[in-house]
Amino acid sequence: MIHNYLVIAIAVIFSVLLLVMLGQKLRIAYPIFLVIAGLLISLVPGIPHLQIHPDLVFLIFLPPILFEAAWFTSWKDFWKWRRPIFLMAVGLVLITSFVVGYVSSALIPGMTLALGFLLGGINSPPDAVAATSVLRHMKIPKRINTILEGESLVNDATSLIVFKFALAAVITGQFVMQQAIVDFFVMGGMGVVIGLSLGLLFAWFMRWLPTNSNIDTVLTLIIPYVIYIAAEYFHFSGVMAVVSGGLVMSYNANCFLSHTTRIQATNVWNTIIFMMNALIFILIGLEMPVVVEGLQDYTIAEGIKYAVIIGGIMIVTRIVWSYLIALVPPRFSRKIREREGLSDLKTPFVISFAAMRGVVSLAAALSIPLVLPSGEAFPHRNIILFVTFVIILITLV
């Protein structure tokens with residue numbers, strides 16, 4: 001049995017490599033190419049249907065991907081552009097969740113406001129890998145890259161916290177706005193505290209332990225999982241913990257990592273993250289038959305209609321918000337003008353459309369339980385899954 005799984009794993013990895021090479025030859029960003037390829041492969045008769053387990057993404061894939069993104073983010077640039085980063089990563093996610101919540105509850109028959117917020121929390125965070133992979137083919141100013149990468153570090157945490165509160169509201173039937181706001185900041189803030197504390201602790205240990213390049217490289221692979229599990233154990237934001245831990249360790253890397261170790265670790269991390277991202281995007285395409293099979297109470301046409309309308313509203317919301325935060329505050333604040341300068345019309349335009357949804361949205365949707373504690377089927381789970389999948393295709397492809 002284990003031999004069959006090994007053969008399948010080797011075949012999938014080899015296929016991914018071939019598809020990435022073909023995408024490079026055709027000058028197509030590999031996330032787009034892999035999703036389309038996975039979708040086409042899933043339609044071939046006889047291909048077994050693969051189902052992504054949400055824990056596989058949240059626990060195995062998410063911590064190292066976030067840690068790597070935080071490690072290679074310039075703290076100086078991140079802090080300089082902190083205003084637009086947090087307005088996009090926190091403000092826009094919350095606004096998008098509210099807009100999608102009210103629109104979907106009015107658009108989809110039987111959809112409650114709590115289920116609408118659940119759908120909004122799932123689909124509000126753009127995928128960093130997809131955006132940077134597409135933009136790599138263009139001459140994009142450093143300012144835009146910094147804002148998009150910084151946004152991607154924080155918005156996953158914001159959206160997953162919204163998702164957890166909306167899910168709890170659906171399951172319990174209770175939602176207190178004031179308590180939710182307090183819990184939101186507590187979960188995020190304590191996640192940052194845990195991440196910073198563990199990041200500094202690991203940096204101190206690695207500085208004084210008699211390690212070598214191989215040991216240090218392995219430790220950097222273990223650390224994001226330890227930080228994530230520790231934060232989640234105390235019911236705080238594991239995403240914020242990993243991001244803050246990665247940022248503080250990267251900032252102090254010269255104190256505990258030698259030049260040789262940094263080169264070795266960078267090469268190892270680049271290879272591992274490339275394979276993780278590539279596998280995730282082809283799995284998104286392969287997931288399509290499972291999502292369609294679960295669409296029982298709605299037709300495919302209805303699901304596509306809902307996804308197009310909701311996806312379009314999300315795009316318009318991002319465009320309006322991007323222009324507002326780029327053009328309005330600098331006009332009224334001299335400090336912002338001195339630090340950031342006046343933005344042109346091109347910067348918010350690019351940021352508006354660099355909003356491809358990806359694996360975090362799909363994993364969050366798949367993590368919705370099948371049944372409520374009462375034993376009843378979770379309401380509208382199938383249409384939420386389908387709408388999420390179509391929005392990923394719309395924004396990515």
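Please read all numbers here as calculations on a predicted model, not as lab measurements.
- The CG atom of Leu385 lies 6.0 Å from the CD1 atom of Ile368; values are rounded to the nearest 0.5 Å.
- Between atom CD1 of residue Ile272 and atom CD1 of residue Ile65 there is a gap of 11.5 Å, rounded to the nearest 0.5 Å.
- Applying the side-chain hydrogen bond (donor to acceptor under 3.5 Å, both in side chains) test to residues at least two apart or on different chains, the pairs with a partner in residues 80-109 are Arg83-Glu340.
- Both Tyr233 and Ile161 belong to a single network of hydrophobic side chains, linked directly or stepwise wherever heavy atoms of I, L, V, M, F, W or Y lie under 4.5 Å apart.
- Residues Ile215 and Met206 fail the side-chain proximity criterion, which asks for heavy atoms closer than 4.5 Å.
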Just do the side-chain contact (heavy atoms from CB on, under 4.5 Å) check on Leu247 and Leu196 with the steps written out, would you? CA-CA 8 Å; Leu247 283 172; Leu196 293 175; over 6 Å; no
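- Using a 4.5 Å heavy-atom threshold, the side chains of Leu221 and Phe67 count as separate.
- Expressed to the nearest 0.5 Å, how far OG1 of Thr217 lies from CD1 of Ile263 amounts to 11.0 Å.
- To the nearest 0.5 Å, the span separating OH on Tyr228 from CG on Leu62 amounts to 5.5 Å.
- No more than 12 heavy atoms of other residues, nucleotides or ligands shown are found within 6.0 angstrom of CZ on Phe205.
- Formation of a donor-acceptor pair under 3.5 Å by the Arg318 side chain with backbone atoms of Ile351 is found in this model.
- Closest approach of Ile383 to Gly303, counting heavy atoms only: CD1-CA, 3.9 Å.
- Under the 4.5 Å side-chain contact rule for hydrophobic residues, Phe185 and Val90 share a cluster.
- Atom CG of Leu92 and atom CG of Leu87 lie 9.5 Å apart (nearest 0.5 Å).
- In this model, a donor atom of one side chain and an acceptor atom of the other lie less than 3.5 Å apart for Thr388 and Asn123.
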Kindly determine whether Met88 and Trp321 satisfy side-chain contact (heavy atoms from CB on, under 4.5 Å), including the steps that lead there. CA-CA 8 Å; Met88 296 295 291; Trp321 185 253; 3.7 Å; yes
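- The backbone N or O of Ile122 sits nowhere less than 3.5 Å from a side-chain atom of Ser159 that would complete a donor-acceptor pair.
- Tracing side-chain contacts under 4.5 Å through hydrophobic residues (I, L, V, M, F, W, Y), one never reaches Ile36 starting from Leu18; they form parts of separate clusters.
- Contact check for Asn270 versus Phe274: no side-chain heavy atoms found under the 4.5 Å cut-off.
- Within the structure, the side-chain hydrogen bond (donor to acceptor under 3.5 Å, both in side chains) test picks out the following pairs touching residues 241-259 (sequence neighbours left out): Asn254-Arg262, Ser258-Thr261.
- More than 12 heavy atoms of other residues, nucleotides or ligands lie within 6.0 Å of OH in Tyr298, so this atom counts as buried by the packing criterion.
- Rounded to the nearest 0.5 angstrom, Thr395 OG1 and Phe353 CZ are separated by 12.0 Å.
- Nearest heavy-atom pair, Thr260 versus Ser213, reported as atom, atom and distance to 0.1 Å: CG2-OG, 3.9 Å.
- Counting heavy atoms from C-beta outward, Tyr323 and Ile319 have side chains that approach closer than 4.5 Å.
- Using a 4.5 Å cut-off between side-chain heavy atoms of Ile, Leu, Val, Met, Phe, Trp and Tyr, with links allowed through other members, Val93 and Val243 fall into different hydrophobic clusters.
- Closest approach of Ala364 and Phe163 over heavy atoms only: O-CZ, 3.3 Å.
- Ring-plane geometry between Phe98 and Phe117 is classed as perpendicular, the angle between the planes exceeding 60 degrees on a 0 to 90 degree scale with a lower cut at 30.
- If you chain together hydrophobic residues whose side chains sit under 4.5 Å apart, Met21 and Leu26 never meet in one group.
- With contacts defined as side-chain heavy-atom distances shorter than 4.5 Å, the pair Tyr225/Val242 does not qualify.
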Do Ile313 and Val100 pass the side-chain contact (heavy atoms from CB on, under 4.5 Å) test, and can you show the C-alpha distance, the side-chain angles, and the key distance before you say yes or no? CA-CA 8 Å; Ile313 290 172; Val100 172; 5.7 Å; no
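- Considering only residues two or more places apart in sequence or on other chains, Trp269 meets the side chain to side chain donor-acceptor pair (under 3.5 Å) condition with Thr220.
- A side-chain contact (heavy atoms from CB on, under 4.5 Å) with Asp77 holds for exactly one of Thr146, Ile147, Ile85; it is Thr146.
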